[in-house]
Student: 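Handing you this structure, nothing more for now.
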Amino acid sequence: MKGRVLIVAGSDSGGGAGIQADIKTVTMLGGYAATAITALTAQNTQGIFAIRDVDPAFISQQMEVVLSDIGADTIKIGMVHTIGAIEAVGDILDGPAEGIPVVLDPVMVAKAGASLLEDNASQAFRARLLLRASIITPNVPEAEALTGVTIKGVDDMIHAGEMLLTFGSQAVLVKGGHLPGGRVTDVLISDQGVESYEGPRIETRHTHGTGCTLASGIAAGLAQGLSVKQAVERARAYVFEAIRSAPGFGSGHGPLNHAHPIQL
């Protein structure tokens with residue numbers, strides 16, 4: 001077991017996304033997962049039925065006690081639902097976690113359409129978290145919300161990614177799964193240039209937790225000493241197989257197969 005990842009995210013009672021997906025992913029990729037839970041959700045493959053926020057001071061305490069004892073090689077941030085949660089996480093990033101690489105998955109809208117970020121929290125999100133990100137992993141709707149750019153193709157994805165770099169992140173992976181077409185293109189933008197990844201689209205409704213899984217896969221890779229490019233490539237391969245071999249649970253957006261074997 002190599003690579004300590006402190007996961008800061010919400011809990012998914014259905015087990016397909018959030019903390020549950022994060023822990024499974026980091027473990028399957030050979031890392032060690034610790035957690036700071038930011039919210040509790042009552043959800044299944046059909047949607048989110050309730051959200052209970054965790055007190056910001058307790059979010060901070062969870063992070064602090066992990067960092068002071070176990071430590072972390074990477075911090076992965078998922079759902080931070082409120083301004084209070086964002087500020088609490090931001091304070092830790094600027095304090096005890098200073099210098100630790102951060103993988104930021106801007107969880108703003110759930111697969112079934114529910115909002116996962118308070119309307120008035122966007123500015124705090126940009127100011128406190130984007131500035132500290134080693135890599136941010138928005139899908140097309142999230143990249144559009146963060147930049148105001150309308151994305152219709154790869155050129156627009158690159159433009160939005162370049163804008164996000166100016167907000168402070170060191171690298172941006174814009175995920176193209178929401179765009180139409182038989183193939184899916186993701187674009188990695190950094191000071192090293194632009195890298196495109198293209199693959200076949202798997203026609204399935206079992207894609208719940210793909211964003212969480214991909215970001216945690218990247219975080220595990222960085223924690224284990226991989227470059228950003230290597231971490232992205234391995235995480236994408238893991239997610240593809242997890243979608244392809246999904247167990248078919250639920251009547252809505254079903255979970256992935258996080259337990260499939262992978263060559264490390």
Student: Are side-chain N/O atoms of T207 and H253 paired as donor and acceptor at under 3.5 Å?
Tutor: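 Absent: no donor and acceptor within the cut-off.
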Student: Any side-chain heavy atom of D105 within less than 4.5 Å of one from I77?
Tutor: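 Not in contact.
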Student: With sequence neighbours excluded, what pairs up with Q192 under the side-chain hydrogen bond (donor to acceptor under 3.5 Å, both in side chains) test?
Tutor: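 For Q192 there are no side-chain hydrogen bond (donor to acceptor under 3.5 Å, both in side chains) partners, ignoring immediate neighbours.
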Student: For a quick check under 3.5 Å, do D12 and H208 share a side-chain donor-acceptor pair by atom type?
Tutor: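 Their side chains do contain a donor-acceptor pair, which is all the 3.5 Å distance test asks for.
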Student: Do M163 and L130 sit in the same hydrophobic cluster, where Ile, Leu, Val, Met, Phe, Trp and Tyr count as joined when their side-chain heavy atoms come under 4.5 Å apart?
Tutor: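 Yes, it is one cluster - the side chains of M163 and L130 are joined through contacts under 4.5 Å.
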Student: Pair up each side-chain donor or acceptor in residues 145-154 with any protein partner under 3.5 Å, not counting sequence neighbours, and list the distances.
Tutor:
unit_1, atom_1, unit_2, atom_2, d
T147, OG1, A143, O, 2.7
T147, OG1, V149, N, 3.1

Student: Between I23 and A33, which heavy-atom pair has the shortest distance, and what is it?
Tutor: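 In this case the closest contact between I23 and A33 is CA-CB, 4.1 Å.
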Student: Report yes if the side chains of L29 and R234 come closer than 4.5 Å at any heavy-atom pair, otherwise no.
Tutor: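 Counting from C-beta outward, L29 and R234 do come under 4.5 Å.
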Student: Go through Q46 and S251 one step at a time and tell me if the side-chain contact (heavy atoms from CB on, under 4.5 Å) criterion holds.
Tutor: CA-CA 7 Å; Q46 298 176 51; S251 58; 3.3 Å; yes
Student: Report yes if the side chains of H258 and T213 come closer than 4.5 Å at any heavy-atom pair, otherwise no.
Tutor: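 In short, these two side chains touch, coming nearer than 4.5 Å.
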Student: Distance-only, no hydrogens or angles: does the Q43 side chain make a donor-acceptor pair with backbone N or O of I51 under 3.5 Å?
Tutor: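 Not a single qualifying donor-acceptor pair exists.
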Student: Tell me whether Q61 at atom CD has more than 12 heavy atoms from other residues, nucleotides or ligands lying less than 6.0 Å away.
Tutor: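 No, CD of Q61 has 12 or fewer neighbouring heavy atoms, counting only those of other groups under 6.0 Å.
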Student: Taking all atoms of both residues into account, what is the closest heavy-atom pair of V5 and A223, and its distance?
Tutor: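 Residues V5 and A223, closest heavy atoms: CG2-CB, 3.9 Å.
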Student: Is it true that a side-chain atom of Q224 and a backbone atom of G3 form a donor plus acceptor pair closer than 3.5 Å?
Tutor: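 Side chain of Q224 to backbone of G3, a donor-acceptor pair under 3.5 Å: no, none is there.
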Student: Test of understanding: with salt bridge (charged side-chain N to carboxylate O under 4.0 Å, His left out), list the residues that count as partners of D94, not counting sequence neighbours.
Tutor: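 Residues passing salt bridge (charged side-chain N to carboxylate O under 4.0 Å, His left out) with D94: R128.
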Student: Check whether L131 and F125 end up in the same hydrophobic cluster, where Ile, Leu, Val, Met, Phe, Trp and Tyr are linked by side-chain heavy atoms less than 4.5 Å apart.
Tutor: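 Shared cluster, no.
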Student: Mind checking side-chain contact (heavy atoms from CB on, under 4.5 Å) for E162 and listing every partner two or more places apart, or none if nothing turns up?
Tutor: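 Result, side-chain contact (heavy atoms from CB on, under 4.5 Å) vs E162: I158, I189.
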Student: Which residue pairs pass the ring-ring contact (aromatic ring centres under 6.0 Å, His included) test when at least one of the two sits in residues 131-154, sequence neighbours left out?
Tutor: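 Sorted result for residues 131-154: empty, none.
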Student: For I59 and V89, what are the C-alpha separation, side-chain angles and deciding distance, and is it a side-chain contact (heavy atoms from CB on, under 4.5 Å)?
Tutor: CA-CA 7 Å; I59 297 173; V89 174; 4.0 Å; yes
Student: Check whether any side-chain heavy atom of V172 sits under 4.5 Å from a side-chain heavy atom of L188, and report yes or no.
Tutor: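 No, side chains not in contact.
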Student: Please name the pair of heavy atoms, one in A88 and one in S60, separated by the smallest distance, quoted to 0.1 Å.
Tutor: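 Where A88 meets S60 most closely, the heavy atoms are CB-OG, 3.3 Å.
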Student: Is it possible for you to say whether V26 and I37 belong to one hydrophobic cluster, with membership spreading through side-chain heavy-atom contacts below 4.5 Å?
Tutor: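 Same cluster: V26 reaches I37 through Ile, Leu, Val, Met, Phe, Trp or Tyr contacts under 4.5 Å.
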Student: Do T137 and P106 come within less than 4.5 Å of each other through their side chains, counting heavy atoms only?
Tutor: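 Result yes, sub-4.5 Å side-chain heavy-atom pair found.
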Student: Give, for atom CG of D186 and atom CG of L173, the distance between the pair rounded to the nearest 0.5 Å.
Tutor: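 Going from CG on D186 over to CG on L173, the span is 5.5 Å.
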Student: Look at the side chain of S216 and the backbone N and O of T25, then say whether any donor-acceptor pair between them is shorter than 3.5 Å.
Tutor: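 Absent.
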Student: Is there a donor-acceptor pair under 3.5 Å between the side chain of Q230 and the backbone N or O of S227?
Tutor: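 At least one qualifying donor-acceptor pair exists.
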Student: Determine whether Q62 and T38 make a side-chain contact, defined as any pair of heavy atoms from C-beta on separated by less than 4.5 Å.
Tutor: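 Heavy-atom side-chain distance check fails, nothing below 4.5 Å.
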Student: Quick check for you: to the nearest 0.5 Å, what is the distance between L214 atom CG and K175 atom NZ?
Tutor: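 Answer rounded to 0.5 Å: 5.5 Å.
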Student: For P180, check side-chain contact (heavy atoms from CB on, under 4.5 Å) against everything at least two apart and list the hits.
Tutor: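 For P180, no residue satisfies side-chain contact (heavy atoms from CB on, under 4.5 Å) once neighbours in sequence are set aside.
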Student: If only atom types and distance count, is the side chain of T45 paired as donor or acceptor with the main-chain N or O of G254 below 3.5 Å?
Tutor: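 Not a single qualifying donor-acceptor pair exists.
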Student: Check whether any side-chain N or O of K24 sits under 3.5 Å from a backbone N or O of G15 as a donor-acceptor pair, and report yes or no.
Tutor: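 Here the side-chain-to-backbone pair exists.
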Student: Name all residues meeting the salt bridge (charged side-chain N to carboxylate O under 4.0 Å, His left out) criterion together with R244; count only those two or more places apart in sequence or in a different chain, and write none if there are none.
Tutor: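 Counting only residues at least two positions away or on another chain, R244 forms a salt bridge (charged side-chain N to carboxylate O under 4.0 Å, His left out) with E241.
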Student: Who pairs with K229 by salt bridge (charged side-chain N to carboxylate O under 4.0 Å, His left out), at least two apart in sequence or on another chain?
Tutor: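 K229 satisfies salt bridge (charged side-chain N to carboxylate O under 4.0 Å, His left out) with E233 once adjacent residues are dropped.
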Student: G16 and A21: which non-hydrogen atoms are nearest, and at how many Å?
Tutor: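 Taking every non-hydrogen atom into account, O-CB, 3.3 Å.
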Student: As an exercise, state the distance from OG1 of T185 to CZ of R201, rounded to the nearest 0.5 Å.
Tutor: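 Answer rounded to 0.5 Å: 9.0 Å.
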Student: Does a donor on one side chain and an acceptor on the other come within less than 3.5 Å for Q20 and S11?
Tutor: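 The answer is yes; a qualifying pair exists.
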Student: Starting at CG of L6, measure out to OG1 of T35 and round the result to the nearest 0.5 Å.
Tutor: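 The CG atom of L6 sits 7.5 Å away from the OG1 atom of T35.
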Student: Can you list every pair that meets side-chain hydrogen bond (donor to acceptor under 3.5 Å, both in side chains) and has a residue in residues 66-80, with sequence neighbours left out?
Tutor: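 Sorted pair list: R4-D73, D22-K76.
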Student: Determine the minimum heavy-atom distance between A97 and L67, stating which atoms define it.
Tutor: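 Taking A97 first and L67 second, the nearest heavy atoms are CB-CD1, 3.9 Å.
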Student: Checking side-chain contact (heavy atoms from CB on, under 4.5 Å) between L222 and each of V102, V232, I100, V228, which is the one that passes?
Tutor: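 Among the candidates, only V228 passes.
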Student: Please tell me whether F249 and V239 are part of a single hydrophobic cluster in this structure, the criterion being side-chain heavy atoms less than 4.5 Å apart.
Tutor: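 In one cluster: no.
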Student: May I have all residue pairs that pass salt bridge (Lys or Arg N to Asp or Glu O under 4.0 Å) and include part of residues 48-65, sequence neighbours excluded?
Tutor: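 The answer is none; no pair qualifies.
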Student: Let me confirm one number: the CG-CD1 distance from D91 to I86, rounded to the nearest 0.5 Å.
Tutor: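 So the CG of D91 and the CD1 of I86 are separated by 12.0 Å.
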Student: Under 4.5 Å between side-chain heavy atoms, counting indirect links through other Ile/Leu/Val/Met/Phe/Trp/Tyr residues: same cluster for F167 and V140 or not?
Tutor: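 Yes: a chain of side-chain contacts under 4.5 Å links F167 to V140.
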Student: Any side-chain heavy atom of I75 within less than 4.5 Å of one from V103?
Tutor: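 I75 vs V103: side chains apart.
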Student: Search all heavy atoms of V174 against all heavy atoms of M157 and return the closest pair with its distance.
Tutor: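 Heavy atoms of V174 and M157 come nearest at O-CE, 3.2 Å.
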Student: Test: ring-ring contact (aromatic ring centres under 6.0 Å, His included). Region: residues 220-239. Which pairs qualify, not counting sequence neighbours?
Tutor: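 Found Y238-H260.
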Student: So how far is it from S169 OG to L129 CG, rounded to the nearest 0.5 Å?
Tutor: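 Taking OG in S169 and CG in L129, the distance rounds to 11.5 Å.
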Student: Could you tell me whether the side chain of P96 reaches within less than 4.5 Å of the side chain of M63, counting heavy atoms only?
Tutor: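 No - every pair of side-chain heavy atoms lies 4.5 Å or more apart.
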Student: For residues 29-67, which residue pairs pass the ring-ring contact (aromatic ring centres under 6.0 Å, His included) check, not counting sequence neighbours?
Tutor: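 Counting only pairs at least two positions apart or across chains, no ring-ring contact (aromatic ring centres under 6.0 Å, His included) contact touches residues 29-67.
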